[in-house]
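Here is the naming used below: chain letters follow the sequence lines, and residue numbers restart at 1 for every chain. Computed from a predicted model, the values in this text were never measured in an experiment.
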Amino acid sequence: MKPTLPQGTRDFSAAILRKRNFIFQTIRDTFELYGFEPLETPAMEHTETLMGKYGDEGDKLIFKILNNGLDNPAKHDSAKNDFESVLNGKTMKGITERALRYDLTIPFARYVAMNHGQLSFPFKRYQMQPVWRADRPQKGRYREFYQCDADIAGSTSLLHETELALIYATVFQQLNVSVEIRINNRKILNALANLCGGADRMMMITIAIDKLDKIGIDKVKEELATRGLNEDQIKTVESFISISGTNEEKITQLQSLFSEDAIGLEGINELKFILDLFPHSTFHSPLIIDLSLARGLNYYTGTIFEVKAIGVQMGSIGGGGRYDDLTGLFDVKGIAGVGISFGVDRIYDVMEELNVFPESIQKGTTVLFFNTGAEEQKYIFSIAQNLRAAGISAEIFHESAKFDKQFKYAEKKNIPFVAIIGSKEIENGTCMLKNLANGEQKEVAVAELKNNF
RNA sequence: GAGGUUGUAGCUCAGUUGGUUAGAGCGUCUGAUUGUGGUUCAGAAGGUCGUGGGUUCGAGACCCAUCAUCCUCCCCA
């Protein structure tokens with residue numbers, strides 16, 4: 001059979017992996033710098049842990065795992081019945097008890113809910129693992145991709161929001177990617193919904209204004225009208241999304257628009273707190289209020305974040321926000337959470353397009369020992385071991401071959417030095433060391449070899 | 001879930017209105033070179049033209065189906 005990959009998945013070869021690891025390492029270091037601790041959870045969760053947490057669209061995109069043993073004759077009838085009910089869109093526990101995780105936030109919530117008795121709060125964890133979605137792949141969209149999340153559970157302090165924004169700014173600064181860190185607050189959107197006929201309209205209104213970038217103001221108004229907003233209410237929405245200017249100017253305008261709405265004012269004050277504390281001048285990438293930012297996930301209740309790369313056509317490369325009742329989904333009340341996520345695969349695509357990966361991350365083996373024969377090979381073996389013990393990565397060519405071939409191997413693997421030891425060198429206790437970048441070659445004593453890299 | 005794109009050598013792609021034995025570049029391997037690469041030269045290997053039907057004297061090309069791919073919308077990282 002002809003081997004192929006499942007749709008939306010990829011193999012990662014050495015050069016790609018070094019670049020990816022550079023991103024992972026940058027993110028990990030920054031997370032650690034802010035006191036987050038690592039956590040890993042299983043690739044699979046109970047299907048019911050995940051179902052219903054991401055909306056109807058999300059449920060459809062969850063990869064379900066077929067139960068084992070369905071072919072057992074004793075279970076034949078019940079399996080058949082369960083398949084029937086799956087076909088009718090009903091429960092599926094008899095068929096799929098487990099599913100692949102869809103994001104890292106719900107598994108985190110599950111973990112906190114299970115362990116809240118042991119954890120000391122605020123609990124700050126980071127997690128960098130793949131997630132799976134049964135989406136149709138396209139640019140920047142994969143069926144298996146990595147997320148890097150940092151979340152805080154058990155604290156409502158706005159210090160966390162500010163630090164999370166700082167983490168975004170720091171990481172993208174280090175990666176040399178210009179981004180816009182967009183921030184908004186669900187309480188403000190809530191207040192807007194109140195002015196437009198009730199809080200239950202928030203999701204609908206936010207989904208409409210979230211499309212502003214793509215479809216324009218007229219289409220948004222059209223959509224609002226078909227959703228049952230009257231003219232006055234549409235006008236309110238319009239005046240809301242036409243708020244513009246600097247962050248300070250936006251806040252002033254918001255304050256006058258929502259002067260009567262306690263929750264709205266609370267949201268505005270939260271924004272103000274974060275923006276005031278954030279050291280804007282330290283970073284290239286701006287932290288800006290984006291009132292059209294809504295984010296689909298319905299568990300967000302306060303601050304929401306989104307990160308967009310500048311100068312590249314790509315969906316958001318990071319997102320997050322505050323959820324006041326995350327573990328409530330698992331019957332543990334009163335634990336607030338806030339977190340952010342990095343989309344590593346999209347960040348990779350952006351960096352590749354902008355060509356901003358540093359050259360230095362592609363260093364692999366430092367020196368290749370040419371293989372000049374069976375006797376020499378034995379002699380070289382211990383020399384290579386000494387180098388490795390000194391922390392210098394070394395390879396011995398696997399067989400005695402023409403130099404031409406051995407040179408080409410070194411070239412292909414980007415190995416900067418080759419070391420040649422034949423009978424002459426063994427006699428002299430030396431080594432012919434050649435720098436492939438400039439072609440310079442010198443004879444050095446074997447004992448001195450490790451000081452030449 | 002809806003719409004579109006493209007499937008020809010390991011890779012990137014040519015292949016005219018259907019016409020004899022399907023090509024190129026790169027890569028791979030061998031040699032020119034018995035201890036010095038990147039250049040050059042000579043040669044070789046490598047293809048059920050995505051798959052299955054159909055139209056035709058004749059299909060890589062046309063038609064249908066199917067699979068895969070990439071992209072757009074929806075939604076998202």
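The residue A:Gly55 sits apart from the nucleic acid: no heavy atom pair falls under 4.0 Å. If you check every strand for non-hydrogen atoms under 4.0 Å, A:Gln7 touches sugar and phosphate atoms only. Contact annotation for A:Gln138: base contact, defined as any heavy-atom pair under 4.0 Å involving a base atom. Note on A:Leu61: nothing from the nucleic acid sits closer than 4.0 angstrom, heavy atoms only. Within the nucleic acid shown, A:Ser341 has no heavy atom closer than 4.0 Å to any nucleic acid atom. Base engagement by A:Ile420 is indicated by at least one non-hydrogen atom pair under 4.0 Å involving a base atom. No engagement by A:Lys60 is indicated, since no non-hydrogen atom pair under 4.0 Å with the nucleic acid exists. Within 4.0 Å (heavy atoms only), A:Gly318 reaches sugar-phosphate atoms of the nucleic acid but no base atom. Using a 4.0 Å heavy-atom distance criterion, A:Lys412 is classed as a sugar-phosphate-only contact. Heavy atoms of A:Thr105 sit nowhere under 4.0 angstrom from any nucleic acid atom. Using a 4.0 Å heavy-atom criterion, one finds that A:Glu376 contacts no nucleic acid atom at all.
Here B:C62 sits opposite B:G54 as a Watson-Crick or G-U wobble pair (both hydrogen-bonding atom distances under 3.5 Å). The pairing partner recorded for B:C75 is none, the criterion being a Watson-Crick or G-U wobble arrangement whose two distances lie under 3.5 angstrom. Under the Watson-Crick and G-U wobble criteria, each requiring two contacts below 3.5 Å, nucleotide B:A44 is paired to B:U28. Across all strands shown, B:A14 forms no Watson-Crick or G-U wobble pair with both distances under 3.5 Å.
Closest to the A:Tyr142 side chain, of the nucleotides B:U72, B:A77, B:A32, is B:A77. For A:Lys408, taking side-chain heavy atoms from C-beta onward, the closest of the listed nucleotides B:G37, B:G35, B:C71 is B:G37. The side chain of A:Gln441 approaches B:U36 more closely than any other nucleotide in the set B:G35, B:U36, B:A77. Checking B:G38, B:G31, B:G35 against the side-chain heavy atoms of A:Glu425 singles out B:G35 as nearest.
For the residue pair A:Arg125/A:Gln127, the side-chain donor-acceptor check at 3.5 Å is satisfied. For the residue pair A:Tyr379/A:Glu375, the side-chain donor-acceptor check at 3.5 Å is not satisfied. A donor-acceptor pair shorter than 3.5 Å cannot be found between the side chains of A:Gln174 and A:Thr26. For the residue pair A:Tyr142 / A:Asp349, a side-chain donor-acceptor distance below 3.5 Å is found, with atom types taken as modelled. At a cut-off of 3.5 Å, with distance as the only test, a side-chain donor of A:Asn452 or A:Lys442 sits close to an acceptor on the other residue. No donor-acceptor contact under 3.5 angstrom links the side chains of A:Asn371 and A:Ser400, judged on distance only. Counting only N and O atoms by type, the side chains of A:Glu425 and A:Thr430 include no donor and acceptor under 3.5 Å apart.
Between the CD atom of A:Glu306 and the P atom of B:C76 there is a distance of 9 Å, given to the nearest Å. Going from atom OH of A:Tyr409 over to atom P of B:C29 covers 13 Å, rounded to whole Å. Rounded to an integer number of Å, the gap from A:Leu368 CG to B:G35 P is 17 Å. Per the geometry, NZ belonging to A:Lys53 stands 22 Å off P belonging to B:C75, to the nearest Å. Put simply, CE on A:Met314 is 9 Å from P on B:C71, counting in whole angstrom units. Rounded to whole Å, the distance from CZ on A:Arg136 to P on B:G4 is 12 Å. One atom, OH of A:Tyr300, and another, P of B:A77, lie 7 Å apart when rounded to the nearest Å. Summarising the geometry, the separation between CG on A:Asp135 and C1' on B:C70 is reported as 15 Å, rounded to the nearest angstrom.
Under the stacking criterion of a centre-to-centre distance below 5.5 angstrom and an interplanar angle below 30°, A:Phe145 sits stacked against the six-membered ring of B:A77.
Annotation: B:G60 and B:G15 have their C1' atoms spaced 8 Å apart (nearest Å). As rounded to the nearest Å, B:C41 and B:G50 have C1' atoms that lie 38 Å from one another. Using atom C1' as the reference point in both B:G46 and B:U72, the two lie 37 Å apart (nearest Å). The same atom, C1', is picked in B:U40 and in B:G47; the two are 30 Å apart, to the nearest Å. Separation of the C1' atoms belonging to B:C63 and B:U21 is 28 Å when rounded to the nearest angstrom. Straight-line distance between the P atoms of B:A14 and B:A9: roughly 12 Å, to the nearest whole Å. Remark: the separation of the C1' atoms in B:G18 and B:C73 is 38 Å, to the nearest Å. The P atoms of B:U16 and B:C57 are separated by 22 Å, rounded to the nearest whole Å.
Nearest-nucleotide assignment on RNA chain B puts the 5′-proximal partner with A:Thr372, out of A:Thr372 and A:Gly343. Both A:Asn435 and A:Pro137 lie close to RNA chain B; mapped to their nearest nucleotides by heavy-atom distance, the more 5′-ward contact belongs to A:Asn435.
If you check distances only, the side chain of A:Arg141 does reach the base of B:C75 with a donor-acceptor pair under 3.5 Å.
Under a cutoff of 6.0 Å and an axis angle of 45°, A:Arg28 and A:Tyr126 do not form a cation-pi pair.
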